[in-house]
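Taking it in order: structure first as structure tokens, then the write-up.
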Amino acid sequence: HDETCTSFWCVDEWRCARRYGVECIVVADLGQYNLRDMTDAVNALGDCGHLFAHRWIDYTDSLRFPSRKKLMALLDIAIKRAARPNANGRQVAVEQNVPGQVNDEDADGLVPIVPTLA
């Protein structure tokens, strides 16, 4: 939204996600904010173009259920991709305590996806 791109924490998380290869899925609250203003704010940051790697999910009160289905489908794809074996036939290990990654026993060692509200 209008303050997200000026938040040190949000921008730092996006930059860490880019640095460590963590995909970002943006859920845009179109009931409260203008999509053009949001995309202009992200573009103005200059180094967060990776937030456009996936089509943004439009969120409004009337679209909350279809939006949730789209988000869950993207998360499912990303989790399956992260769980695929690497070229040597081994599952890629997730480093512990890396910014932008969940350090949670319930994560089962999968690389997390960072859903971001813009």
Side-chain angles (χ1 to χ4, degrees):
H1 61 67
D2 59 341
E3 296 175 1
T4 304
C5 288
T6 59
S7 163
F8 169 81
W9 292 107
C10 291
V11 174
D12 188 55
E13 286 177 358
W14 298 336
R15 289 177 176 151
C16 285
R18 184 192 69 237
R19 185 178 316 122
Y20 295 106
V22 178
E23 295 181 49
C24 295
I25 300 169
V26 178
V27 180
D29 185 354
L30 300 183
Q32 300 291 320
Y33 305 99
N34 179 283
L35 181 61
R36 178 64 171 206
D37 293 343
M38 288 186 276
T39 58
D40 287 349
V42 170
N43 279 322
L45 293 171
D47 63 346
C48 290
H50 63 289
L51 295 179
F52 297 107
H54 296 283
R55 187 176 189 286
W56 287 17
I57 297 175
D58 302 339
Y59 178 87
T60 63
D61 286 338
S62 62
L63 293 175
R64 70 181 179 271
F65 294 112
S67 296
R68 187 175 67 197
K69 282 182 75 170
K70 287 180 189 176
L71 178 60
M72 296 306 293
L74 284 171
L75 289 171
D76 186 54
I77 290 167
I79 289 168
K80 286 176 181 172
R81 186 181 313 138
R84 264 190 271 165
N86 65 12
N88 298 325
R90 297 184 189 141
Q91 184 170 344
V92 178
V94 178
E95 287 186 51
Q96 296 299 314
N97 301 316
V98 175
Q101 292 187 340
V102 174
N103 190 9
D104 185 341
E105 291 179 22
D106 294 333
D108 295 325
L110 296 175
V111 176
I113 306 303
V114 183
T116 306
L117 291 175

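Because the structure is predicted, anything quoted here is derived from the model rather than measured.
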Is a donor on one side and an acceptor on the other found under 3.5 Å between the side chain of H50 and the backbone of W14? yes
If you measure from CD1 on I79 to CD on E23, what distance do you get to the nearest 0.5 Å? 10.5 Å
Evaluate side chain to side chain contact (heavy atoms under 4.5 Å, CB included) for M38 paired with V42, printing each intermediate quantity in order. CA-CA 6 Å; M38 288 186 276; V42 170; 5.8 Å; no
Treating Ile, Leu, Val, Met, Phe, Trp and Tyr as nodes and any side-chain heavy-atom pair under 4.5 angstrom as an edge, say whether L45 and L35 lie in one connected cluster. yes
Could you tell me the separation between the CZ atom of F65 and the NZ atom of K70, rounded to the nearest 0.5 Å? 15.0 Å
Can you tell me how far OG1 of T39 sits from CZ of F52, rounded to the nearest 0.5 angstrom? 5.5 Å
M72-I77 co-clustered via ILVMFWY side chain contacts under 4.5 Å: no
Calculate, to the nearest 0.5 Å, the distance between atoms CD and CG belonging to Q32 and D61 respectively. 7.5 Å
Between Y59 and L71, does a side chain to side chain contact (heavy atoms under 4.5 Å, CB included) hold up when you go through it step by step? CA-CA 10 Å; Y59 178 87; L71 178 60; over 6 Å; no
Nearest 0.5 Å, what's the CG-NE2 distance between L74 and H54? 6.0 Å
Using every non-hydrogen atom in the two residues, find where V11 and C5 come nearest and quote the distance to one decimal. CG2-O, 3.4 Å
Non-hydrogen atoms of L30 and T60 that approach each other most closely: CB-CG2, 3.8 Å
